[in-house]
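Here's the structure, in structure tokens; my notes come after.
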Amino acid sequence: MKRPPSPRRFPAVIALLAAGLLAGPAGAEVIDIDNAELARLAAGGVPVVNIRTPGEWKSSGVIAGSRLLTFFNEKSEANPAQWLASAKGFAKPGQPLILICRSGNRTRAAAQFLSERAGYATVYNVTNGMNGWLAEKRPVVPAEKAAACTPGVAC
């Protein structure tokens, strides 16, 4: 199991925890998945949300069909309520959702928020993120070919 994001790297996670947004019911669960499971679930229609920054999307490409919706900006700041308004445009609470970032750390925080505070029943966290996807030489497309979303606006 992955460790939570480092406080030095993601000060917004500390702010979310302090606000009580990530500390939720003991029964809430985030399901860690590998790339094979990601490919299987995505092929079955489960939405993939790439929460990295636009610069990251452009530098490495993205998984075909994924939604691009930044959770933490370049300054490690997050606005979960605004982000949620956009995410609900393609996956309502109660529907499954896959989150991917660079390494699996940022998605852990976003997945916990969705499962514990936003009512999402099944949230998948890609444990090795895009780094793992690319290391396995799995296909990517340019970011321009994916559905970019604006925080606060339904996609």
Problem set entry | Minimal non-hydrogen separation, Ala91 against Pro96, with atom names |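 Minimum heavy-atom separation between Ala91 and Pro96: CB-O, 4.3 Å.
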To the nearest 0.5 Å, tell me how far [X] [atom1] sits from [Y] [atom2].
{"X": "Arg138", "Y": "Leu38", "atom1": "CZ", "atom2": "CG", "answer": "7.5 Å"}
{"X": "Met130", "Y": "Trp57", "atom1": "CE", "atom2": "CH2", "answer": "12.0 Å"}
{"X": "Ile51", "Y": "Arg102", "atom1": "CD1", "atom2": "CZ", "answer": "11.5 Å"}

Could you tell me whether the side chain of [Y] reaches within less than 4.5 Å of the side chain of [X], counting heavy atoms only?
{"X": "Gln112", "Y": "Arg117", "value": "no"}
{"X": "Val49", "Y": "Ile98", "value": "no"}
{"X": "Thr70", "Y": "Pro54", "value": "yes"}

Does [X] use its side chain to pair, donor to acceptor, with the backbone of [Y] at less than 3.5 Å?
{"X": "Asn35", "Y": "Gly132", "value": "yes"}
{"X": "Tyr124", "Y": "Leu41", "value": "no"}
{"X": "Ser66", "Y": "Val62", "value": "no"}
{"X": "Lys92", "Y": "Lys88", "value": "yes"}

Candidates Asp34, Val126, Ile63 - the one meeting side-chain contact (heavy atoms from CB on, under 4.5 Å) with Trp133
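Answer to the side-chain contact (heavy atoms from CB on, under 4.5 Å) test with Trp133 among Asp34, Val126, Ile63: Ile63.
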Exercise for the section: Check step by step if side chain to side chain contact (heavy atoms under 4.5 Å, CB included) holds for Leu99 and Leu114. Expected result: CA-CA 10 Å; Leu99 299 180; Leu114 287 174; 3.9 Å; yes
Same cluster or not: are [X] and [Y] linked, directly or through other Ile, Leu, Val, Met, Phe, Trp or Tyr residues, by side-chain heavy atoms under 4.5 angstrom apart?
{"X": "Leu97", "Y": "Phe71", "result": "yes"}
{"X": "Val48", "Y": "Ile33", "result": "yes"}
{"X": "Val123", "Y": "Phe113", "result": "yes"}

- Classify the side-chain pair Glu56/Thr53 by whether it contains a donor and acceptor separated by less than 3.5 Å.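 Yes, a side-chain donor-acceptor pair sits under 3.5 Å.
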| Between Asn125 and Thr107, does any side-chain donor sit less than 3.5 Å from a side-chain acceptor? |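 Thr107 and Asn125 do have a side-chain donor-acceptor pair below 3.5 Å.
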### Query
Any salt bridge between Lys75 and Glu77, counting N to O under 4.0 Å?
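Salt bridge between Lys75 and Glu77, a charged N being under 4.0 Å from a carboxylate O: no.
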